[in-house]
S.K.: 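Got a structure here, written out as structure tokens. Questions coming.
When a ligand or atom number is given, it counts from 1 through the structure's own listing order.
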Amino acid sequence: MKYIAVTGGVLSGLGKGIAASSIGRLLKSRGFKVTSIKIDPYLNVDAGTMNPYQHGEVFVLADGGEVDLDLGNYERFLDEALASDHNITTGKVYHTVISKEREGKYLGKTVQIIPHITDEIKRRIRKVARESGADITIIEVGGTVGDIESMPFLEALRQMHREEGGHVNFLFIHTTLVPMLGTVGEFKTKPTQHSVRELREIGITPDVILGRSEKPLPKAIKRKISHFCDVPERAVISAQDVDSIYEVPLNFERQGLTDYILERMEMNSREEDLAGWERFVKNLKSAKGEVEIAIVGKYTGLKDSYISHKEALAHCTAETKVNVKIRWLEAEDLEKEGDADEFLKGVHGVVIPGGFGNRGIEGKMMAIRYARENKIPFLGICLGFQLATIEFSRNVLGMDGANSTEFDENTPYPVIDLLPEQRGVKDMGGTMRLGEQKVIIQKGSKAYSLYKRTEISERHRHRYEVNPDFIDKIEKGGLKFTGKDVEGIRMEIGELDEHPYFVATQFHPEFKSRPMKPAPVYLGLVKAAIEYKKSL
Ligand code: GLN
């Protein structure tokens, strides 16, 4: 069992998650089984209750875990399914320790950060590593070195490094910023030096330094960092800005990072297979022309809120070799202005992503109506699926005031509602339908032509459902539910016959879209958008 810990210095938001994911991909390309752990030093137990506007998207795992979006990056880069316990938070750690204390398990001892909290951190890391059966576990520590919150985690990692037998089994990779100053763009290494010193003060010596910069680090700068930070020059890696995050592994590989890591950890490559990834990046970069797709949401100010949608569309670009330009639209603006045409004119496709609460729902429904009536390719996801059902009920079937009981408890037509067994349950967390569930697809449907199978498994995060009392009426009107859960009670996919591409899903296909394996309903959307553009 080997471990690689990735820490960050100078400032947050340097793309540490992408760096860690890229290293994972590179090691996987050498034939090793790799898994990853994200440490989030905040006190929340998980990301389920966090506002996407502050933290970006809540990513949903197969087991229903609601986790930090970095786990989405890991899954996309590694193409391995992770579980909830791969996200360790201060909240989870303290929760266990305090419960144990209440149960009297510490036998009267004083319960302290060292050793009790640090032991619990180590126990969780080792458990995940062991149970995943991975050769190498990559651990990313959120935040930056020096944050009060991350101290117990860094201390635990420092201890693990020794207990596991030093750098052969436990490597430290430190990500820093190397800013460029002045008109000539002089590289400044001082922040890196300070950050490494801070790391050393807590007893951690980095084995590799990843210098984030605008441009590639020149040899002389690498040498300087090597001297001041006491790592060999080969271990100073330039992590310059690139057009696409998917290029990062290739950039590291070119600089010999994988070879260096394997050498230092005394491992031999079992194979070398980056060809698929290289082809994927090449396709991405050589894409010609573009279609424009609108994402109408309510957190569009922070693009990270919809990161999995953005990546799913990128996966489609590599597949179709046509660029997808995203037009970010704030649903509330549409609602206020009242003119969908003004906002959506010229787009070749519309996506309505998931969401909670009623802010912006009328604006989203205006966009759905516009796409439906003008035969513009449309993909609705989760809340987007529910709103497509409501919009259809209102504007095609004449059910005035149709709504979801999430937004209007007294609606005359509750076409979206809680199922009877969920009503009156107070614990909101308990009623959420989460994680991967089977979906049965009707043969001959559009959905079937996309997935090419009758049984799929997709990820969920919702509470409300299409109300069974209205299904008949809606289907007779022309919105067909071609995907259902195994019991046939929950509607999972809706599609319109009289439309080139109007598909909506109760599940979240974006969470399972991967490089080289784009989510079928996204690929369908982009292909339809390409056709639509040609027809204009
Ligand atoms: N708010 C809706 C529900 O709870 C949709 C959730 C979502 O889009 N993730 O069912």
S.K.: Does Arg372 come within less than 4.0 Å of Glu391, counting only side-chain N to carboxylate O?
M.R.: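 Result for this pair is yes, salt bridge flagged.
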S.K.: Between Glu332 and Lys298 (salt bridge meaning N to carboxylate O under 4.0 Å), is one present in this structure?
M.R.: no
S.K.: Let me know which protein residues bring a heavy atom to under 4.0 Å of ligand 1; chain then number is fine for ordering.
M.R.: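 If the criterion is a heavy atom under 4.0 Å, then ligand 1 touches Gly354, Gly355, Phe356, Cys382, Leu383, Gln386, Glu406, Arg461, His462, Arg463, Tyr464, His508.
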S.K.: Output every pair passing salt bridge (Lys or Arg N to Asp or Glu O under 4.0 Å) with a member in residues 404-417, not counting sequence neighbours, ordered by first then second residue.
M.R.: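 The answer is Asp417-Arg423.
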S.K.: Would you call Lys345-Glu342 a salt bridge at under 4.0 Å N-O?
M.R.: no
S.K.: Keeping to residues at least two apart or across chains, list the ring pair (Phe, Tyr, Trp, His ring centres under 6.0 Å) pairs with something in residues 356-406.
M.R.: Phe378-Phe502
S.K.: Test of understanding: with side-chain contact (heavy atoms from CB on, under 4.5 Å), list the residues that count as partners of Lys443, not counting sequence neighbours.
M.R.: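 Testing Lys443 for side-chain contact (heavy atoms from CB on, under 4.5 Å), a comparison that skips the adjacent residues, returns Tyr448, Thr454.
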